[in-house]
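This report refers to the structure that appears directly beneath it.
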Amino acid sequence: MSKQNKIIAVANQKGGVGKTTTTVNLAVGLSMLKKKVLLIDLDPQGNATMACGVDARTLEVSACELLLQECEAVDAVIATNAVDLIGSNTNLTAAELALMEYEDPQMMLAAQLEELALNYDFILIDCPPSLSILTVNALAAADSVLIPMQCEYYALEGLTSLLDTIDRIKQTVNSGLEIEGLLRTMFDGRNNLANDVASQISEHFGTKVFSTVVPRNVKVAEAPSFGQSALEYDHLSRGAVAYKGLASELLRRNNV
Ligand code: ADP
Ligand code: MG
């Protein structure tokens with residue numbers, strides 16, 4: 001069977017909304033459903049790298065060399081327990097500056113993934129909390145964007161700038177870019193405000209919103225300190241069950 005080759009950027013310029021958590025757990029969820037998955041950590045904080053059980057400080061080849069075309073894409077790939085990984089660390093901050101010396105700084109990742117994508121069903125890119133050139137590289141390379149949103153009062157604030165950026169990328173370098181979906185994360189059903197915001201998001205964005213809602217769950221927060229996804233750390237936890245549901249929903253929505 002041929003591979004899906006779908007590239008999904010997980011983006012939201014707000015920090016702490018669940019981008020990294022979603023990228024890692026969705027990646028592992030898809031891989032448990034027999035999909036071949038590559039996770040690319042595009043945040044200099046290296047949180048997704050650490051959550052995959054890889055020490056970000058000791059990376060020999062990382063997203064930095066990948067973006068600066070200092071290595072073959074395939075040589076940046078590390079095999080981890082559940083998924084393949086291209087890791088990142090603080091070197092990526094330097095790469096961000098160095099990129100601007102290149103002729104086509106927005107397209108560096110896209111160029112590197114053209115061939116590599118053929119090896120995978122899904123490539124998930126964990127974006128940094130900004131609309132920097134790193135995020136722009138992810139959006140330029142991606143087929144779609146998955147937007148995690150925390151169910152809190154300011155959830156919708158700032159979304160306009162992300163949607164504007166997506167539109168700009170569509171009009172310039174990547175006309176095929178789509179919204180994969182908005183994901184409600186860290187949901188606390190006992191909180192009235194969270195309920196209000198969750199329904200607001202769904203009314204506002206309709207079918208673009210995943211019906212899976214990720215609950216606030218301590219196992220999800222604990223897992224990365226063991227270098228694991230929640231699905232590996234405690235597969236029966238409510239968080240893990242939600243992310244398994246998200247993986248199935250994503251496949252269903254893509255008619256896979
Ligand atoms: P981002 O990548 O958008 O900055 P993270 O995925 O790192 O966000 O999440 C921010 C913090 O919230 C982390 O400490 C993470 O462990 C925690 N967190 C994320 N999702 C959940 C959840 N569903 N339940 C509990 N804690 C969560
Ligand atoms: Mg993050």
Side-chain angles (χ1 to χ4, degrees), residues 8-29 39-54 56 62-63 83 85-90 92-93 96 124-132 134-135 137-139 142 145-152 154-159 161-162 165 180-191 194-195 197-198 201 209-247 249:
I8 304 176
V10 180
N12 186 333
Q13 76 275 28
K14 282 184 163 204
V17 298
K19 288 182 292 297
T20 300
T21 305
T22 297
T23 312
V24 171
N25 286 286
L26 178 59
V28 173
L39 191 167
I40 301 180
D41 187 353
L42 219 56
D43 185 344
Q45 294 183 81
N47 292 340
T49 303
M50 305 294 273
C52 290
V54 173
S62 67
V83 298
L85 169 76
I86 295 182
S88 125
N89 55 29
T90 48
L92 195 56
T93 309
E96 198 173 341
L124 302 188
I125 309 174
D126 185 25
C127 292
S130 69
L131 293 172
S132 67
L134 295 173
T135 298
N137 263 272
L139 297 177
V145 198
L146 190 159
I147 308 172
M149 303 185 66
Q150 203 178 338
C151 298
E152 43 129 273
Y154 294 109
L156 294 166
E157 196 187 66
L159 194 61
S161 13
L162 176 59
T165 304
E180 187 68 41
L182 286 85
L183 175 68
R184 293 165 288 179
T185 64
M186 288 179 249
F187 177 72
D188 178 357
R190 293 163 305 181
N191 178 329
N195 279 297
V197 174
I201 294 174
V209 183
F210 287 103
S211 52
T212 305
V213 178
V214 179
R216 189 173 279 286
N217 174 237
V218 67
K219 300 291 181 185
V220 172
E222 282 172 7
S225 60
F226 296 90
Q228 287 179 339
S229 66
L231 282 70
E232 297 155 293
Y233 177 61
D234 182 349
H235 72 107
L236 293 176
S237 64
R238 291 198 311 131
V241 169
Y243 276 113
K244 280 187 265 186
L246 178 66
E249 184 180 358

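Start at 1 and go down the list; that is how both ligands and their atoms are numbered. Side chains are part of it too, since the values below use all heavy atoms of this structure and drop only hydrogens, waters and symmetry mates.
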_If the cut-off is 2.8 Å, does any N/O/S atom of Thr20 fall short of it from the Mg ion (ligand 2)?_
yes
*asked:* Hydrogens and angles aside, do Asn47 and Thr20 bring a side-chain donor and acceptor to less than 3.5 Å of each other?
replied: no
*Any luck finding a side-chain donor-acceptor pair between Thr212 and Tyr243 under 3.5 Å?*
no
*Could you name the protein residues that come within less than 4.0 Å of ligand 1, counting only heavy atoms, and order them by chain and residue number?*
Gly15, Gly16, Val17, Gly18, Lys19, Thr20, Thr21, Met186, Val214, Pro215, Arg216, Asn217, Val220, Ala221
_Thr135-Gln13 side chain donor-acceptor pair, cut-off 3.5 Å_ = no
*Just by modelled atom types, is the Leu236 backbone N or O under 3.5 Å from a matching donor or acceptor in the Lys219 side chain?*
no
_With no hydrogens and no angle check, just 3.5 Å: does a side-chain donor-acceptor pair link Thr93 and Glu96?_
no
*From Ile40 atom CD1 to Ser62 atom OG, the distance as rounded to the nearest 0.5 Å*: 11.5 Å
